[in-house]
Novice: 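Here it is, the structure, as structure tokens.
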Amino acid sequence: METRPYVSWKLIGITGTNARPSIAPTFGVENMMGTNPLTFALPTDEEFPFCIDCATSIVQRGKIEYYAREGKSTPAGMVVSENGEAMMDSNEILKALVAGKAALAPLGGIGEEMCGYKGYGYAAVVEILSAALSGGPFMKALTGLNADGSSSVGHDLCRSLHHSRGCITYIYHCVSAKCFCFFYHTFCCQSSGIVHHFGISFQFAAYQGLKALGNITSFMQAFAI
């Protein structure tokens, strides 16, 4: 999803989309919702806008594939097995995901201890805004299959969408800062000021990367969509 063009029109951009099931709800073990990314693009008075594009899952399949290639374990809490246990063997995780015997955890991780319900809640919001507003399919219906493996695609419109992009639906929302601020530049200036302040945060002694993020240009380049 491309959100940044909204900024060129002096607007705040917010987008999201549902996706084929891959994450389990808190306390669940079955993949019910997709990684359901949520993106924002906010204008600043610098060269780059503030853009962020994040899935509502704690990890995506590509990261697990990276761990497998590097011979590394997947950190505990990112993937839950069909038995409700954390999986860490990256190669086994990839096999289990294909077989439907594992699911990704929402942001926060498995269960309640690390507040995984927050990511689950955000994923649900994206699912509702994307599917309910458009009248599109959601959750398991996005696979296009019934439990017996037969096609669940019904009417002609949905069938054409199924062949082109699996009936996945999107939400695009834009906000004019001028509706809230007397001057558009006031919003842009304050946005930059907020991000600049990230750089004066206290840091871990062994980590100096945050100082670079205090430079607005470096920060925007690092996170621009």
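For reference, positions follow the sequence shown, starting with 1.
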Novice: As a test of understanding, state which of Thr17, Asp53, Ile52, Ile14 forms a side-chain contact (heavy atoms from CB on, under 4.5 Å) with Thr39.
Specialist: Asp53
Novice: Quick one: are Pro43 and Tyr184 in side-chain contact, heavy atoms under 4.5 Å?
Specialist: yes
Novice: Please determine whether residues Val59 and Leu97 belong to a single hydrophobic cluster, defined as Ile, Leu, Val, Met, Phe, Trp and Tyr linked transitively by side-chain heavy-atom distances below 4.5 Å.
Specialist: yes
Novice: Going only through I, L, V, M, F, W and Y residues with side-chain contacts under 4.5 Å, is there a path from Met32 to Tyr122?
Specialist: no
Novice: Show the nearest heavy-atom pair for residues Thr35 and Ala19, with the distance to one decimal.
Specialist: N-CB, 4.2 Å
Novice: Using modelled atom types only, decide if a donor and an acceptor are shared between the side chain of Asn83 and the backbone of Glu85 within a distance under 3.5 Å.
Specialist: no
Novice: Quick check for you: to the nearest 0.5 Å, what is the distance between Cys189 atom SG and Glu46 atom CD?
Specialist: 9.0 Å
Novice: Tell me if a side-chain donor or acceptor on Asn18 pairs with a main-chain N or O of Glu127 at a distance below 3.5 Å.
Specialist: no
Novice: What do you reckon, is OH of Tyr67 surrounded by more than 12 foreign heavy atoms closer than 6.0 Å?
Specialist: yes
Novice: What I'd like to find out is whether the side chain of Leu129 reaches to under 4.5 Å of the side chain of Val125, using heavy atoms alone.
Specialist: yes
Novice: Could you walk me through whether Met87 and Asp89 pass the side-chain contact (heavy atoms from CB on, under 4.5 Å) test, one step at a time?
Specialist: CA-CA 6 Å; Met87 296 186 68; Asp89 186 313; over 6 Å; no
Novice: Using modelled atom types only, decide if a donor and an acceptor are shared between the side chain of Asn31 and the backbone of Ile23 within a distance under 3.5 Å.
Specialist: no
Novice: Can you pull out every salt bridge (Lys or Arg N to Asp or Glu O under 4.0 Å) where at least one residue sits in residues 58-70? Sequence neighbours excluded, please.
Specialist: Arg61-Glu65
Novice: Please name the pair of heavy atoms, one in Gly77 and one in Ala105, separated by the smallest distance, quoted to 0.1 Å.
Specialist: O-CB, 3.4 Å
Novice: Quick one: OG1 on Thr15 to CZ on Phe40, what's the gap to the nearest 0.5 Å?
Specialist: 8.5 Å
Novice: Taking atom types as modelled, is there a side-chain donor on Ser191 or Thr44 under 3.5 Å from an acceptor on the other?
Specialist: no
Novice: Taking atom types as modelled, is there a side-chain donor on Ser90 or Thr74 under 3.5 Å from an acceptor on the other?
Specialist: yes
Novice: Considering all heavy atoms of both residues, which atom of Ala177 and which atom of Ile12 are nearest to each other, and what is their separation?
Specialist: CB-CD1, 4.4 Å
Novice: Please give me the minimum heavy-atom distance between Ala131 and Phe138, naming the atom from each residue.
Specialist: CB-CB, 3.8 Å
Novice: Of all heavy-atom pairs between Pro25 and Glu30, which one has the smallest distance, and what is that distance?
Specialist: CD-O, 3.5 Å
Novice: How long is the straight-line distance from CG of Leu42 back to CZ of Phe50, given to the nearest 0.5 Å?
Specialist: 6.5 Å
Novice: Are the side chains of Ser130 and Tyr170 in contact, using a 4.5 Å heavy-atom criterion?
Specialist: no
Novice: Using salt bridge (charged side-chain N to carboxylate O under 4.0 Å, His left out) as the criterion, list what pairs up with Lys95, not counting sequence neighbours.
Specialist: Glu92
Novice: Find the distance between OG (Ser176) and OH (Tyr6) and round it off to the nearest 0.5 Å.
Specialist: 13.5 Å
Novice: Decide whether Met78 and Ile93 are clustered together by the hydrophobic rule: side chain heavy atoms of Ile, Leu, Val, Met, Phe, Trp, Tyr closer than 4.5 Å, transitively.
Specialist: yes
Novice: Does CE in Met139 sit with more than 12 non-hydrogen atoms of other residues, nucleotides or ligands closer than 6.0 Å?
Specialist: yes
Novice: If hydrophobic clusters are built from ILVMFWY residues whose side chains come within less than 4.5 Å, do Ile194 and Val175 share one?
Specialist: yes
Novice: Under 3.5 Å, is there a donor on one side chain and an acceptor on the other for Asp45 and Ser192?
Specialist: yes
Novice: Hey, mind stepping through Ile171 and Leu133 against side-chain contact (heavy atoms from CB on, under 4.5 Å) and telling me if it holds?
Specialist: CA-CA 8 Å; Ile171 176 70; Leu133 282 178; 3.7 Å; yes
Novice: For residues Val79 and Ile64, determine if any side-chain heavy atom of one lies less than 4.5 Å from a side-chain heavy atom of the other.
Specialist: yes
Novice: How close do Ile168 and Arg20 get, counting heavy atoms only, and between which atoms?
Specialist: CD1-NH1, 3.7 Å
Novice: Are Ile110 and Val29 joined in one hydrophobic group, where the rule is that I, L, V, M, F, W and Y side chains link up if heavy atoms are under 4.5 Å apart?
Specialist: yes
Novice: Test your reading of the model: is there a side-chain donor-acceptor pair from Thr56 to the backbone of Asn36, 3.5 Å cut-off?
Specialist: yes
